[in-house]
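Read through the structure below, which is laid out as structure tokens, and then see the notes.
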Amino acid sequence: MQEMRTPGMQHVVLTEKSLADYAPIVGDDVIAEIEQLARPLQGARVLNISSTAYGGGVAEMLHTLVPLMRSAGLNAEWRIITGPDEFFGVTKSMHNALQGMDLDLTPAMRAAYLHTNVDNAVYMEDEFDFVIVHDPQPAPLRMLRAADPGKWIWRCHIDLTAANQVYWNFLRPYIERYDAAIFTMPQYVKQDLAIGKVAIIPPAIDPLSPKNAPMDEARAADIVQLYGVDPTRPIIVQVSRFDPWKDPLGVIDVYRNIKTRYPDTQLVMVGSMATDDPEGMDYYQRTKEHAEGDPDIHLLSNLDGIGNVEVNAFQRAATVVLQKSLREGFGLTISEGLWKGKPVIGGNVGGIPIQIENGKTGYLVESIEECTARALELMRNPKKAQAMGARGREVVRRRFLSTAHIRSELQLFTELMKSSARTSRTTARTRVAQATLASMNGRKPRGQHIATA
Ligand code: UDP
């Protein structure tokens, strides 16, 4: 029997979070600033749209940012687009190509991509004051909902510096329909992108989520033991989807080098299978083959019962935390490791250098040999490692916690509101389109709209 699927987007159910709980960590002044920025935005309807509610950095962040925005008084929600496997196959290629891979973009791929977006656009209900669309998967929605009011923001989590030109040329017209775009770093903003506003906002982690909340050493040790890992022996940890850009095969090579000096070293690679990442299983298999049955290499995933608490435990139990990526939009796992007081060794790419200060809070590396040498250095000098980790935690406290992210998003909303007030952006064309759509649907625009005057 064929499974029935509800067409259109699915609502993500969220837990409640309170901004006040973050005051002891970030300080009262940060919370007060957020409250002040949120005051003119009370009741504003905010929709986040992404392609998965589980696995990967976007989902990780939205599980905190949306509840915190609600706590600030906005009417925020999160929906995910639905689509067939073929769509997610195409969008994974798109993700890879936008990070620099040389891939084809066939007419059939373009069609599959657009069909799913049309399906999701057709069934989209309600209207919003702000819509934040994450990454390329749902990017055409703005064009497909051109008559909708509200400010639409495209949030790019990808490193576009070496984007495949064919893919970028295909995507760009959809992005240019947005009122604003958010990038992690200025370097990611494409020169040929014509858009009203660009904001630079780095991603962030939640210090109170089960993944990052305090956990004592004994509990972390108990948890890793449940997975057959010995907490009394050195542990190298990388938490990452099984993906070529995360270089899991290179991580195994680093571990093998380390093992010649420290033979009792264990390697733990935690890699959940995200629902929008069909490549994950294949790359897991390749990694498993590369591990050649070594009993000290532990490849673990959500399928083994690894959840947020377990990731927390492994990051805390680690002797060395690695993020040996070859491309990385940001890499939340780095801030997660630093927040646990661990120096992190990361690939010198993308958003990693904005988190790791080389030699102070960890090391930036460009090869297996360099990564090995830095890991050995930290293993030989646990005191030095501890001091570096402590500095790293402070950097994360100041710059990469969810509260900083909320503050930046509220600033962007405020600026977009102000720019609307200065120049009425509604062109005659848009007004006609709005009226036509409303009459076709036999409805008046709904939802509460914040005053822009
Ligand atoms: N993650 C997880 N379990 C895993 C693998 C990853 O919970 O098995 C989380 C990880 O802790 C981080 C996010 O998924 O919060 C990955 O975000 P990142 O920015 O590092 O990479 P992305 O997957 O978005 O490329």
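Whatever order the structure lists ligands and atoms in, that order sets their numbers, starting from 1. Excluded from the calculations below are hydrogen atoms, water molecules and symmetry mates; all remaining heavy atoms, backbone and side chain alike, are included.
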Report all side-chain donor-acceptor pairs from residues 349-356 shorter than 3.5 Å, counting only partners two or more places apart or in another chain.
from : atom 1 : to   : atom 2 : distance (Å)
Q355 : OE1    : S335 : N      : 3.0
Q355 : OE1    : S335 : OG     : 2.7
Q355 : NE2    : F330 : O      : 2.8
Q355 : NE2    : G331 : O      : 3.2
Q355 : NE2    : G351 : O      : 3.4

Please check this pair: side chain of [X] against backbone of [Y], looking for a donor-acceptor N/O pair closer than 3.5 Å.
X: R142; Y: R145; result: yes
X: Q238; Y: P248; result: no
X: K342; Y: G337; result: no

Looking at side-chain heavy atoms only, is the closest gap between E409 and I153 below 4.5 Å?
->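 Contact flag for E409/I153 side chains = no.
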
Dump the pairs for me: ligand 1 N or O, protein N or O, distance under 3.5 Å, to 0.1 Å.
from     : atom 1 : to   : atom 2 : distance (Å)
ligand 1 : 7 (O)  : K211 : NZ     : 2.7
ligand 1 : 8 (O)  : G271 : N      : 3.3
ligand 1 : 8 (O)  : S272 : N      : 2.5
ligand 1 : 11 (O) : K211 : NZ     : 2.9
ligand 1 : 11 (O) : E336 : OE1    : 2.8
ligand 1 : 11 (O) : E336 : OE2    : 3.3
ligand 1 : 15 (O) : K211 : NZ     : 3.4
ligand 1 : 15 (O) : E336 : OE2    : 2.5
ligand 1 : 17 (O) : G57  : N      : 3.2
ligand 1 : 19 (O) : L332 : N      : 2.9
ligand 1 : 20 (O) : L332 : N      : 3.1
ligand 1 : 20 (O) : T333 : N      : 3.4
ligand 1 : 21 (O) : K246 : NZ     : 3.0
ligand 1 : 23 (O) : R241 : NE     : 2.8
ligand 1 : 24 (O) : G57  : N      : 2.7
ligand 1 : 25 (O) : R241 : NH2    : 2.9
ligand 1 : 25 (O) : K246 : NZ     : 2.8

What about the rings of Y174 and F170, do their centers lie closer together than 6.0 Å?
->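 Ring-ring flag for Y174/F170: true, centres closer than 6.0 Å.
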
